[in-house]
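Presented below is the structure to which this report refers.
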Amino acid sequence: MQIATWNVNSVKARLTNVTDWLREASPDVVCLQEIKTVDADFPRDAIEDLGYNVETHGQKTYNGVALLSKFPIEETVRGLPGGEDDDQARYIECVISHDSGPVRVASIYLPNGNPAPGPKYDYKLAWMRRLKRHAAELLAYEERLILAGDYNIIPRDSDVHDPAVWAGDALILPQSRAAFREILNLGFTDAFLQADGKGHQYTFWDYQRGAWQKDHGIRIDHLLLSPQAADTLKSVEICKPVRGKEKASDHVPVVGTFDF
DNA sequence: ATGGTCGCGTAGCGA
């Protein structure tokens with residue numbers, strides 16, 4: 001089983017890139033972020049034609065997440081629980097049925113939080129507290145659980161080309177890292193670190209300042225695994241060549257391969 | 001020191 005996450009930065013502007021990659025890589029489950037469209041305008045047919053079931057939680061202009069699965073989707077939760085006054089579409093969770101049993105997968109688009117300090121940073125931290133609360137509830141099921149997405153968090157200094165350039169940014173501030181660690185320390189494993197702990201690879205290169213050409217990237221797209229999922233992880237691939245394609249997203253897919 | 005780039009939607013915001 002291969003489970004991927006990819007911030008596509010508009011699924012409509014990126015449709016050719018997305019369908020090309022789905023055909024090439026053929027992952028079983030894909031978590032998309034920043035689809036930037038309402039559900040009714042999601043290019044559902046083009047993706048269903050490639051053999052995927054599709055669940056979306058869209059929004060006009062900004063944000064929006066989706067989950068694609070070659071296996072049946074049993075149940076779907078739209079929106080991160082505990083945010084009745086939160087109108088930003090940043091979370092969708094599905095239970096996927098597999099011969100070996102169910103796996104619960106969430107597609108997460110964690111708030112960017114810049115500029116920090118400020119209301120956007122407060123929103124980021126509050127959202128992370130809500131995610132922690134919900135993640136703790138899901139972990140209690142003691143099932144295979146994968147929280148995958150654009151976390152907008154640079155976990156280690158080795159996950160950025162130059163930490164000094166990013167000092168003060170909401171993606172690297174100590175408070176942001178601490179909030180991310182609190183979630184991890186509930187009992188999750190960062191799939192990339194388990195599979196490739198000494199490595200440093202990036203998942204995002206800004207469109208500006210020639211970041212891609214200079215390899216000035218950051219690692220902010222993560223797969224967080226429950227113990228039951230981590231036990232079956234075989235490898236993680238960060239699909240760097242995708243960033244070099246025509247009309248590329250600023251993020252590349254991250255794919256976890258599991259032994260079930 | 002400043003500006004550089006995308007996408008959305010058609011001005012300016014978000015990243």
Side-chain angles (χ1 to χ4, degrees), chain A residues 5-21 31-44 46-47 56-66 80 83 86-91 107-128 131 148-155 159-173 175-177 179-180 202-222 239-254:
Chain A
T5 181
W6 190 10
N7 180 324
V8 291
N9 185 17
S10 170
V11 71
K12 286 187 283 184
R14 211 70 58 210
L15 186 57
T16 304
N17 302 58
V18 171
T19 53
D20 283 354
W21 184 74
C31 300
L32 299 179
Q33 299 88 38
E34 278 206 273
I35 61 173
K36 291 188 174 179
T37 181
V38 293
D39 294 339
D41 292 338
F42 188 92
R44 173 176 289 272
I47 288 171
T56 61
H57 182 42
Q59 180 182 337
K60 182 178 156 65
T61 310
Y62 301 119
N63 310 314
V65 287
L80 181 62
D86 184 2
D87 56 359
Q88 300 191 25
R90 297 177 172 277
Y91 186 93
S107 178
I108 290 174
Y109 179 44
L110 207 143
N112 175 294
N114 282 304
K120 291 187 177 178
Y121 193 58
D122 295 340
Y123 174 68
K124 176 179 192 143
L125 294 177
W127 206 92
M128 294 182 82
L131 179 59
D150 175 2
Y151 279 78
N152 271 314
I153 295 283
I154 301 167
D159 295 315
V160 50
H161 72 280
D162 182 359
V165 169
W166 286 80
D169 192 282
L171 278 61
I172 205 170
L173 279 173
Q175 249 191 303
S176 308
R177 283 179 164 174
F180 183 64
Y202 306 135
T203 64
F204 168 93
W205 296 259
D206 202 287
Y207 289 124
Q208 300 190 60
R209 294 174 292 268
W212 167 244
Q213 288 74 14
K214 294 187 273 192
D215 198 26
H216 288 180
I218 54 179
R219 187 174 72 91
I220 57 174
D221 299 272
H222 309 299
C239 304
K240 186 174 180 182
V242 171
R243 184 65 179 80
K245 304 269 191 188
E246 190 93 5
K247 267 185 77 79
S249 170
D250 39 8
H251 297 250
V252 297
V254 182

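Letters A, B, ... are given to chains in the order of the sequence lines, protein chains preceding strands, and every chain is numbered from 1.
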For atom CH2 of A:Trp205 and atom P of B:dA15, their distance in whole Å: 20 Å
Distance-only donor-acceptor check, side chains A:Asp221 and A:Asn7, under 3.5 Å: no
Length of the line joining A:Leu32:CG and B:dG7:C1', which is rounded to integer Å: 16 Å
Other residues, nucleotides, ligands: >12 heavy atoms within 6.0 Å of A:Lys245 NZ: no
Those residues of residues 59-66 of chain A lying under 4.0 Å from DNA chain B by at least one heavy atom: A:Lys60, A:Thr61, A:Tyr62
Length of the CD1-C1' vector between A:Ile218 and B:dA15, whole Å: 10 Å
d(NZ, A:Lys124; C1', B:dA15) in whole Å: 11 Å
Whole angstrom value for the distance that separates P of B:dC8 from CD of A:Glu34: 10 Å
For atom CD of A:Gln88 and atom P of B:dG14, their distance in whole Å: 10 Å
A:Arg219 charged N/C atom sitting above A:Tyr202 aromatic ring, 6.0 Å / 45°: no
Protein N or O to nucleotides 4-6 of chain B N or O, pairs below 3.5 Å:
residue, atom, partner, partner atom, Å
B:dT5, O4', A:Tyr207, O, 3.3
B:dT5, N3, A:Gln208, NE2, 3.4

Sugar-phosphate, base or nothing in reach of A:Tyr109, heavy atoms under 4.0 Å: sugar-phosphate
Residue-phosphate contact under 4.0 Å: A:Lys120 side-chain N/O, B:dG14 OP1/OP2: yes
Pair A:Tyr109 + A:Tyr91: ring centers closer than 6.0 Å: no
Between P of B:dA15 and OH of A:Tyr123, the distance in whole Å: 10 Å
Set of residues satisfying ring pair (Phe, Tyr, Trp, His ring centres under 6.0 Å) with respect to A:Phe204, sequence neighbours excluded: A:His251
